[in-house]
There are 4 protein chains.
Amino acid sequence: MTQEKNATSKAEQIIESPEKTELILDAAVKVFADKGYYGARVSDIAQEAGIAYGLVYHYFKNKEDLLISIFKSRWGQFDQAVRTIMEEKDDPRLMISSIISFLFHSYKNNPKVIEVMILDVAKSTRFFNGENIKQFTDLFSLMSDIVLRGQEQGIFKKDLDAKLAAYCLYGSVERIMLRWLLEDKKIITDQEARSATEMVTTIILSGLEQNG
Amino acid sequence: MTQEKNATSKAEQIIESPEKTELILDAAVKVFADKGYYGARVSDIAQEAGIAYGLVYHYFKNKEDLLISIFKSRWGQFDQAVRTIMEEKDDPRLMISSIISFLFHSYKNNPKVIEVMILDVAKSTRFFNGENIKQFTDLFSLMSDIVLRGQEQGIFKKDLDAKLAAYCLYGSVERIMLRWLLEDKKIITDQEARSATEMVTTIILSGLEQNG
Amino acid sequence: MTQEKNATSKAEQIIESPEKTELILDAAVKVFADKGYYGARVSDIAQEAGIAYGLVYHYFKNKEDLLISIFKSRWGQFDQAVRTIMEEKDDPRLMISSIISFLFHSYKNNPKVIEVMILDVAKSTRFFNGENIKQFTDLFSLMSDIVLRGQEQGIFKKDLDAKLAAYCLYGSVERIMLRWLLEDKKIITDQEARSATEMVTTIILSGLEQNG
Amino acid sequence: MTQEKNATSKAEQIIESPEKTELILDAAVKVFADKGYYGARVSDIAQEAGIAYGLVYHYFKNKEDLLISIFKSRWGQFDQAVRTIMEEKDDPRLMISSIISFLFHSYKNNPKVIEVMILDVAKSTRFFNGENIKQFTDLFSLMSDIVLRGQEQGIFKKDLDAKLAAYCLYGSVERIMLRWLLEDKKIITDQEARSATEMVTTIILSGLEQNG
DNA sequence: TATGAATGAGTGTTCATTCAT
DNA sequence: AATGAATGAACACTCATTCAT
């Protein structure tokens, strides 16, 4: 019986839940982006998702859980992208330009997600418990590994702190996207994304490279 | 005795009355840094300042006004520093390294102010009005002027977007400071400040410079 | 037992759920009457109604909405009574005495409602927006129609302003009821209601009638 | 020395105080009329009077004292007018028409005072203390004395309750003035005041008179 | 799963009043 | 008398969360 129950609820989870979960999460992204985390009401999100607000609590523990879930999901995608890039590319320089490209194209595809990530998630140190902060810093370790690899290969300057370099890379991209957000430039063309990618890549790579 | 009393009360006056605004603002910085803007209660700030609840509202319109005032004051100081640097230095490279140095030493001297600026003010920039946005973007214009000047002098690469470069510069510094904040590394040594300055300067300047 | 429980809860349902609005409104009448609109706290009303604080705000927009709702409901009842009287009676004199009678008996049945209507609603011009004032003045138009009809039938003096006459009628009744309220004479007998009716009717009708 | 001080302050009281008291009271009437008692801030009144708000508390105990003072002063004027009318006129009918005339012309001359009396004072009569209640009801006794006198002289119907009759008289006038206030008709012509007087006088006197 | 009525802690803000000068 | 900084009690309203159905 317990099995049956589990089976049922599992089946339901598989069939129904994921969709509803995503539905709510997408609504949350939209509302958080528009009103900010604190300005957003759970009922706003439910309304945006077209469901009763009590239902949000079937899928998420509480309001904060929504934000954490957005972070995990989207940061996870970023993490996955970086790992794939590191596997598929050989040259650390190419890896870095690919990461920058990925970020700017993420903005192009869904600026609201970026807005929430930059303004509501990243600036909310007070949410970050151990687990989340690990997921966060792990990715920076990964990116600094790229720098390290470049240093080992004699491509990058050896006396740079790889970690700090990774933060410069990410911070540059982040600030540029934040600029767009504050200027209410939510829609960018593919050309703009590529142009920004090229520019930041130039600056960062020239900065990292063994003076050539 | 009367004299002494007068002297005392005069001293108190000097400390208290004229700077009551500063007293409250400093308390607000401390409380915002510790609890975040939304977690901070106005009563916390009053208590921290050692004054009565309602007095905050004699000096500030409301809670948000406190945050805006902190922004105006501190961003104004940054603005002033950049202007002074631009007047006193000749070489655009020196200007940039001075700005980076100023920022890291600001963190060293008063990390709480930086915390509020990076975490709380940044979040609310979304809802800034025109005047505040202007104060914000004006400074980036100023910094991009430095890049432009370097381009004119043939020091910096000509094909870089000066504005974006300014954002890379600021974003790099900000991200590194945010990293410290997230790692709860509130106290840094002068050595660390100088080291970070040197590193970011190296990356950014190498990135900007005409490959030499 | 289960049946009994169900029966009970059903009974409760009938009493509670559909009429929650009325429950709150009745509580508001009681508290407004005792403490005045400004002296009444929303929490007093919730407590009087035996419900949670915030529930008031599920049923009413805000405190003022409670007062407006009381006005609409009770003034609507008065309006309905006047219309019924005008349909059922032929003689304008009878209509007037019936209206006076209705008002005094309303006081007898629920002096608190009258108290709120006279002191908190009617004296709150500052609440009255267009819609409410219309509902208010419409009824006076209706009453002046009675006077007009009497004038057409040659029963009432032709040179009286019908509108002013309606205000005299209502004002006389209102002041007498207000006197009772200020003298803390909340409970009146049916005899007293009839006596007051007769007296005011005499004065007003003699005043209106073509001198006989 | 104490004497001198007293003398001084007495002298000041005599010379200065009364003017300032009136100044504040007039300002209070204006502000209460415009914003209502509860909507008026003591600082509004002080500003209207052109003084510092702390000074209000030198002349009045508190905000309520302002309202009570307005009541005492204006109701006292009404009381005085009634007494003068009763002394100077012989015919109770003339007394009544004179009272009605006085009230309507009071509105014409200073509608704001009437507004405060009808709207704000009336609401607070609920919470009046014995002394104020007495001042209030005494005047109605006085007016009912007029009716009694008319009944003794065989001019008015003998079976009418004189007190109730006085309330009808006052209530009629008050309601008409309230109507003007609700319709924002603050300015009336002398002609309108006389016309209203005549009309109410007609209704009330015909109602009171032994059918002739 | 789905609903939305019910709960009540939490807090920004107002403003009458006091009082040192 | 005059000022206005300082005080702090008071309260309407919000909204995340729970839970009966």
Side-chain angles (χ1 to χ4, degrees), chain A residues 8-9 12-13 15-17 20 38-47 50-66, chain B residues 6 9 12-13 16-17 20 38-47 49-66, chain C residues 9 12-13 16-17 20 38-47 49-66, chain D residues 8-9 11-13 15-17 20 38-47 50-66:
Chain A
T8 308
S9 66
E12 281 171 8
Q13 263 187 311
I15 297 166
E16 260 188 50
S17 275
K20 201 59 70 81
Y38 286 99
R41 284 168 295 176
V42 173
S43 62
D44 291 331
I45 295 167
Q47 191 170 37
I51 59 168
Y53 60 84
L55 195 55
V56 172
Y57 290 89
H58 276 262
Y59 293 94
F60 298 92
K61 207 174 124 232
N62 52 30
K63 190 183 174 185
E64 189 185 332
D65 189 28
L66 284 168
Chain B
N6 282 349
S9 66
E12 279 171 8
Q13 260 188 319
E16 259 182 43
S17 241
K20 197 60 68 81
Y38 288 99
R41 283 170 297 173
V42 175
S43 62
D44 292 333
I45 295 167
Q47 192 170 36
I51 58 166
Y53 203 120
L55 196 56
V56 173
Y57 290 89
H58 270 261
Y59 292 93
F60 297 92
K61 212 174 120 234
N62 52 30
K63 190 183 174 187
E64 190 188 343
D65 190 27
L66 284 168
Chain C
S9 66
E12 280 171 8
Q13 260 188 319
E16 260 181 45
S17 241
K20 197 59 69 78
Y38 287 100
R41 283 169 298 173
V42 175
S43 62
D44 292 333
I45 295 168
Q47 191 169 36
I51 59 166
Y53 200 111
L55 196 56
V56 172
Y57 290 89
H58 270 261
Y59 291 93
F60 298 91
K61 212 173 118 232
N62 51 31
K63 191 182 173 186
E64 188 184 334
D65 190 27
L66 284 167
Chain D
T8 308
S9 65
E12 280 171 9
Q13 263 188 313
I15 297 166
E16 260 188 51
S17 276
K20 200 61 69 82
Y38 287 98
R41 283 169 296 177
V42 174
S43 62
D44 291 332
I45 295 167
Q47 190 170 38
I51 59 169
Y53 60 83
L55 195 54
V56 172
Y57 290 88
H58 276 264
Y59 292 94
F60 297 92
K61 207 172 125 235
N62 51 30
K63 189 183 175 186
E64 192 189 341
D65 189 27
L66 284 167

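Just so it is clear: chains get the letters A, B, ... in the order the sequence lines come, proteins before strands, and each one is counted from 1. Note that these values count all heavy atoms, side chains included, but never hydrogens, waters or copies made by symmetry.
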For B/Y38 and F/dT14, what is the distance between atoms OH and P respectively, to the nearest whole Å?
16 Å

Between the CG atom in B/L55 and the CD1 atom in B/I45, the distance rounded to the nearest 0.5 Å is 13.0 Å

Atom OH of B/Y53 and atom C1' of E/dA16 are separated, to the nearest Å, by 17 Å

Ignoring backbone atoms, test whether A/Y57 places a side-chain nitrogen or oxygen under 4.0 Å from the OP1 or OP2 oxygen of F/dT17.
yes

Decide yes or no for A/K61 and A/L66: does some side-chain heavy atom of the first lie under 4.5 Å from some side-chain heavy atom of the second?
no

Closest-nucleotide 5' rank along DNA chain F - winner of C/G54 and B/V56
B/V56

Set of side chain to side chain contact (heavy atoms under 4.5 Å, CB included) partners for A/V42, sequence neighbours left out:
A/V56, A/Y57, A/K63

Any side-chain N or O of C/Y59 under 4.0 Å from OP1/OP2 of E/dA6?
yes

Taking CG from A/L55 and P from E/dG4, how many angstroms apart are they, rounded to a whole number?
11 Å

Contact nearer the 5' end of DNA chain E, comparing D/E64 with B/S43
B/S43

Is there a side-chain polar atom (N or O) of B/K61 under 4.0 Å from OP1 or OP2 of E/dT13?
no

Once you round it to whole Å, what is the distance between C1' of E/dG12 and CG of B/D44?
12 Å

Atom NE2 of D/H58 and atom C1' of F/dA1 are separated, to the nearest Å, by 7 Å

Using both pair distances under 3.5 Å as the test, note the stems of at least 3 consecutive Watson-Crick or G-U pairs that include DNA chain F.
E:2-21 with F:2-21

Between F/dC13 (C1') and C/R41 (CZ): distance, integer Å
15 Å

Rounded to whole angstroms, how far apart are CD1 on D/I51 and C1' on F/dA1?
11 Å

Select from C/G50 and B/A40 the residue whose nearest nucleotide in DNA chain E is closer to the 5' end of that strand.
C/G50

Just how far is it from atom OG of C/S43 to atom OH of C/Y53, taken to the nearest 0.5 Å?
5.0 Å

Give a yes/no on whether any side-chain N or O of B/K20 is located under 4.0 angstrom from OP1 or OP2 of F/dA6.
yes

Calculate the interatomic distance between B/K63 atom NZ and E/dT14 atom C1'; express it in whole Å.
17 Å

